[in-house]
Amino acid sequence: MLGLGVAGVAAGPFLQRAVEGVTSKDPTGLSGLLPGGGGFRYYSVVASVPTRTAEDYTLTVDGLVDRPVTYRLADLQAMEQHRIVHDVQCVTGWRVPGTPFEGVRLSALLDAAGVRGGAGAVRFSCFDGSYSESLTLEQARRDDVLVALRMQDQPVSHAHGGPVRLYVAPMYFYKSAKWLSGITLTPSVEPGYWERYGYDVDAWVGRSNGRDDAPTG
Ligand SMILES: Nc1nc2c(c(=O)[nH]1)N[C@H]1C(S)=C(S)[C@@H](COP(=O)(O)O)O[C@H]1N2
Ligand SMILES: [Mo]
């Protein structure tokens, strides 16, 4: 559907499996959806992703929690919002400095659900039907991990994973699952999509995936 070329120059082989759009090579006009271009590339592991609006978007928190809950977009918008400005760093090398993200702290959603004693990790699922991610519970409770409603000072666009994406500021951008639809508390880490192809679950920028020389930020 998108008809985008697949990059052959990724630092690792894994991301070549993704549909990748680059502003300068985008024949579809998709890059027009990326606010300001700004050096971002578009990634999706599936060829097309459904649209979710304020009317039909839902985010479910379940698994090892006392109070499973399903949020609508308005529920998330009504919660305390936090803003983080940090560099975005993809594991393949591209980087976008000083990118603002805003949203609800993941820790607030975990606290609201009441994490049970047996939980040690969080699994994230996406309404693209394929992508997944994971964090340890300790990582998920960090203040710089957001369920993001805004990116670059506007609502997260569909191309960037809107209306709601995960944002894990200290880690490579593959941790920041787009089109977020589920947060599930699990006993231990269940590796996410790229992690099953070999990427680190602990994706600290500059300290993982064999790229210790990568620029940090
Ligand atoms: N659902 C989903 N989330 C995803 C991906 C994906 O393919 N599907 N790609 C990841 C990777 S590798 C990167 S670099 C970023 C890209 O985000 P962007 O498309 O907003 O630039 O999203 C991450 N989250
Ligand atoms: Mo990436």
Side-chain angles (χ1 to χ4, degrees), residues 1-2 4 6-7 9-26 28 30-52 57 59 86-97 99-103 123-135 145-183 191-201 203-206 208-211 214-215 217:
M1 170 65 186
L2 295 173
L4 300 173
V6 174
V9 292
F14 311 114
L15 286 174
Q16 291 179 31
R17 301 172 71 105
V19 176
E20 180 181 4
V22 184
T23 304
S24 61
K25 293 184 195 161
D26 179 357
T28 65
L30 178 74
S31 60
L33 301 172
L34 304 181
F40 279 95
R41 298 185 187 197
Y42 167 90
Y43 282 106
S44 176
V45 297
V46 298
S48 79
V49 179
T51 299
R52 294 273 188 278
Y57 174 77
L59 174 62
H86 198 265
D87 297 351
V88 160
Q89 177 73 56
C90 175
V91 74
T92 60
W94 58 272
R95 178 170 182 251
V96 185
T99 305
F101 285 84
E102 281 172 65
R123 185 181 73 226
F124 303 94
S125 39
C126 306
F127 63 78
D128 65 7
S130 286
Y131 204 74
S132 56
E133 252 307 329
S134 63
L135 291 171
V145 178
L146 299 181
V147 168
L149 311 183
R150 294 173 64 80
M151 173 176 171
Q152 297 179 302
D153 293 321
Q154 17 198 331
V156 180
S157 66
H158 182 258
H160 279 307
V164 178
R165 78 182 295 170
L166 188 66
Y167 176 55
V168 183
M171 295 193 180
Y172 287 111
F173 208 28
Y174 66 85
K175 301 300 293 189
S176 295
K178 311 202 297 186
W179 308 298
L180 184 65
S181 60
I183 296 172
Y193 186 93
W194 291 121
E195 293 151 13
R196 289 196 288 271
Y197 292 102
Y199 280 138
D200 289 344
V201 172
W204 308 108
V205 169
S208 68
N209 300 293
R211 289 181 56 84

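In listed order, ligands and their atoms are each counted from 1.
- The shortest non-hydrogen separation linking Val49 to Ser44 is CG2-OG, 3.8 Å.
- Polar contact check, Tyr174 against ligand 1: no nitrogen or oxygen pair lies under 3.5 Å apart.
- In terms of modelled atom types and a separation under 3.5 Å, the side chain of Tyr172 and the main chain of Gly206 share a donor-acceptor contact.
- The atoms of ligand 1 that sit less than 4.0 Å from any heavy atom of Tyr42 are 19 (O).
- Listed by atom number, the atoms of ligand 1 under 4.0 Å from Arg41 heavy atoms are 18 (P), 19 (O), 21 (O).
- Between Tyr174 and Asp200, the shortest heavy-atom distance links the atoms OH-O, 2.7 Å.
- With respect to the salt-bridge test (charged N to carboxylate O, under 4.0 angstrom), the residues Glu133 and Lys178 do not qualify.
- If you look at Val45 next to ligand 1, the close heavy atoms, those under 4.0 Å, come from the backbone and the side chain alike.
- Of the heavy atoms in Ser130, none comes closer than 4.0 Å to ligand 1.
- Residue Tyr131 holds the heavy atom nearest to atom 2 (C) of ligand 1 of all those in Tyr167, Trp194, Tyr131.
- Near Phe40, meaning under 4.0 Å from any of its heavy atoms, are these atoms of ligand 1: 21 (O).
- The shell of residues lying under 4.0 angstrom from ligand 1, judged by heavy atoms, includes Cys126.
- Residue Asp128 has at least one heavy-atom neighbour below 4.0 Å for each of these atoms of ligand 1: 1 (N), 2 (C), 8 (N).
- Ranked by closest heavy atom to atom 15 (C) of ligand 1, the top entry among Phe173, Phe127, Phe124 is Phe173.
- A distance-only check finds no donor-acceptor pair linking the side chain of Arg95 to the backbone of Asp87 [under 3.5 Å].
- Near Cys90, meaning under 4.0 Å from any of its heavy atoms, are these atoms of ligand 1: 14 (S).
- Using modelled atom types, one side-chain atom of Ser132 and one backbone atom of Tyr193 make a donor-acceptor pair closer than 3.5 Å.
- At a heavy-atom cutoff of 4.0 Å, ligand 1 is contacted by the side chain of Arg165 but not by its backbone.
- Ala148 approaches Tyr167 most closely through the heavy-atom pair CB-CB, 4.1 Å.
- Side-chain atoms of Ser176 come within 3.5 Å of backbone atoms of Val168 as a donor-acceptor pair (strictly under, hydrogens ignored).
- Under 4.0 angstrom from ligand 1, the non-hydrogen atoms of Trp179 all belong to its side chain.
- Heavy atoms of Trp94 found under 4.0 angstrom from ligand 1 belong exclusively to the side chain.
- No side-chain heavy atom of Lys175 sits under 4.5 Å from any side-chain heavy atom of Phe124.
- A distance-only check finds a donor-acceptor pair linking the side chain of His158 to the backbone of Pro50 [under 3.5 Å].
- In Tyr43, the parts holding a heavy atom less than 4.0 Å from any atom of ligand 1 are both the side chain and the backbone.
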